[in-house]
Amino acid sequence: MACHEVTGPARLHLGVAPRPVVSGAARAPLAAGQLRVARRRQVCQRRAPAMDEAQENVRVEFEVTLPLSALRPTCHSMWGCNPAPPAPAFQHVARMMDSLLLDSMQPFTFTKITTQQLNRPKNKQPKQSKPAPMKPQRQAPPPTTGCQSRHKTHSRRKKFKDSEDEARIIYKTQDTFNIKRAEPVVEPASYEPKKAGNPPSSDKWVASLRKRDPELQPSLPAINNRSRSNSQTAGYPRVKSRSVDRIHSRMKPLKPLTKAVSKDDELCPSPKSGKGAFPLGPGVEPHLVDTVEKDVLVRNPGVPWDRVAGLRAAKATLQEAAILPLIMPEYFRGIRRPWRGVLMVGPPGTGKTMLAKAVATECSTTFFNISSATLTSKYRGDSEKLIKILFEMARFHAPSTIFIDELDSLCSSRGSDSEHEASRRFKAELLIQMDGLDSSTDERVVMVLAATNHPWDIDEAFRRRFEKRIYIPLPDAESRVELLELCLQGVKLEPGVNLKSLSSQLEGYSGCDIGNVCRDAAMMSMRRMITGKTSDEIRAIRKEEVDLPVTADDFKEAISRCKKSVSNNDKSRYEQWVSEFGAS
Ligand SMILES: Nc1ncnc2c1ncn2[C@@H]1O[C@H](COP(=O)(O)OP(=O)(O)OP(=O)(O)O)[C@@H](O)[C@H]1O
């Protein structure tokens, strides 16, 4: 018989004297350790070893009704009764008692556990005269201890075949454990819930029962739920679960996207969808929306086209893909729909990220910037949900640009043994979301822009979805001159410095490398000035003394110190990939 087949009411009452024992009031008092079986009068008198040292002020009482068929002339081993194997229903009750008595006294903060059969036939009810006095206690919290809660579980609705199958066992004892009295006894009317302090013991007790006896599982959820609500009403600080936190945070008003105003915003207005905050529909997790708004959404990339030197072909492709559909949306319909995805491929430091920001700045689109760092570390496990919300937000704030930096680290080839489950789910979700960007029917233009230094690692499914795959090469001679001019803005140059001849010396350098050379050359005069001086002497140097024009020799020295970061082999590998998979 499984535990839920205990068909009669099982009542357990733990209390601290002098509180009257309710259900035992109509009976002759029983000595400690006595076990009485009603109806059949099977009385088993045994003393538990631990109960020999009785404490006068602690009384444990429980009342159990269970089918006679379940009852054998046996007791639980704890009381040293008949060694015959106990019946399952009785076992169930015994195990509960066992857990209560053997655990760390926490159970004694419970005053009553009641299990009732809901549809018991009236003529089969056990005698009501004795349990009747317990009823008032269900309405008022028992006054014995400070940590009280009541629990009620309902046994499965199963009728007895015969009323003779019912038996009542009443057990009374004086507990011998070193029970710390929680609080003085108070009258029910003056009972007040404990405000704070000890956590509710019910959870601990239930957890203990679960651990000790998995067979009790079916009856525990009801106990557990009830105990939570009781501990809540008893004034204990509630332990919030993550899901509860989410619900609470859902109720918090989110900052509207267009509300943030900074100094930068005033100088260069951020792209505004003008639609206010993203609505939290069903299934939308507010903390992820918050995450996208805080960490992914870039309000003001602030990179105009002219800050990007060279890269004319790439700029033209991006203009066609991102800017023109916004300028003349009627034209970009049907077969002329805007490109859904553009992949920028090239060596590091060639301006791919700058280009993406420039697109967002020029188009005034809402710019979402995600990278493997954003997704895999902080939001591991949530990354696919984040992607889903990201695309929903991008549609809501359309026209939008979603920029995925270092695409290879997020969208590498699938199916390898080392592939993590979370990564697989993320890729699947991203593929689905990119498929959903059908701007031939949807007027909300959302473009996915990605950049990678390792195009050969990208999964072919993603490669296909990036309809434009453009090469961002190392700067040519003309672009290098532009870069030098850009980098040396505000820097005094000696009249003898020729940028064209300088650019020829910088062949094979990336935009980033050229910036480093310029920075180094611009600091040469200062280095010469401070050599061999103490910090006090350096402090005494005036700005005009160090701010000397940069000479050709300075550049020469800087070039000798800063080598290029991209090898010829790397360059040819990119060119080979682009000649095979490029689409510009
Ligand atoms: N074409 C360019 N115009 C202006 N600045 C450039 C250009 N290319 C590179 N730079 C300089 O190099 C720096 C790095 O550029 P960016 O981050 O865009 O390179 P990237 O191609 O995205 O590099 P990675 O692939 O390593 O992410 C920029 O801050 C900028 O100063």
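Every number for a ligand or one of its atoms is a count from 1 in the order of the listing. Residue numbers start at 1 and run along the sequence shown. Note that the coordinates shown come from a computational prediction; the quantities given were computed from them, not determined experimentally.
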Locate the shortest heavy-atom distance separating Val303 from Met354; write the atom from each residue and the value.
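For Val303 versus Met354, the nearest heavy atoms are CG1-O, 3.8 Å.
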
Only counting residues at least two apart or in another chain, list the ones meeting side chain to side chain donor-acceptor pair (under 3.5 Å) with Ser503.
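If we apply the side chain to side chain donor-acceptor pair (under 3.5 Å) test to Ser503, skipping adjacent residues, there are no hits.
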
For Glu467, give me all partners under side chain to side chain donor-acceptor pair (under 3.5 Å), at least two apart in sequence or on another chain.
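So Glu467 forms a side chain to side chain donor-acceptor pair (under 3.5 Å) with Arg337.
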
Would you check if the side chain of Lys352 reaches a backbone N or O of Gly346 as a donor-acceptor pair within less than 3.5 Å?
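Judged by distance alone, yes, a pair lies under 3.5 Å.
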
Contact residues of ligand 1, where a non-hydrogen atom lies under 4.0 Å away:
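Residues near ligand 1: Arg307, Val308, Ala309, Leu311, Pro348, Gly349, Thr350, Gly351, Lys352, Thr353, Met354, Glu406, Asn453, Leu483, Gly511, Cys512.
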
Whether Trp456 and Tyr574 hold their rings parallel, tilted or perpendicular, with breakpoints at 30° and 60°
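It falls in the tilted class, 30° to 60°.
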
For Tyr509, enumerate each residue passing the ring-ring contact (aromatic ring centres under 6.0 Å, His included) test, keeping only those at least two apart in sequence or located in another chain.
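Not a single residue meets the ring-ring contact (aromatic ring centres under 6.0 Å, His included) criterion with Tyr509.
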
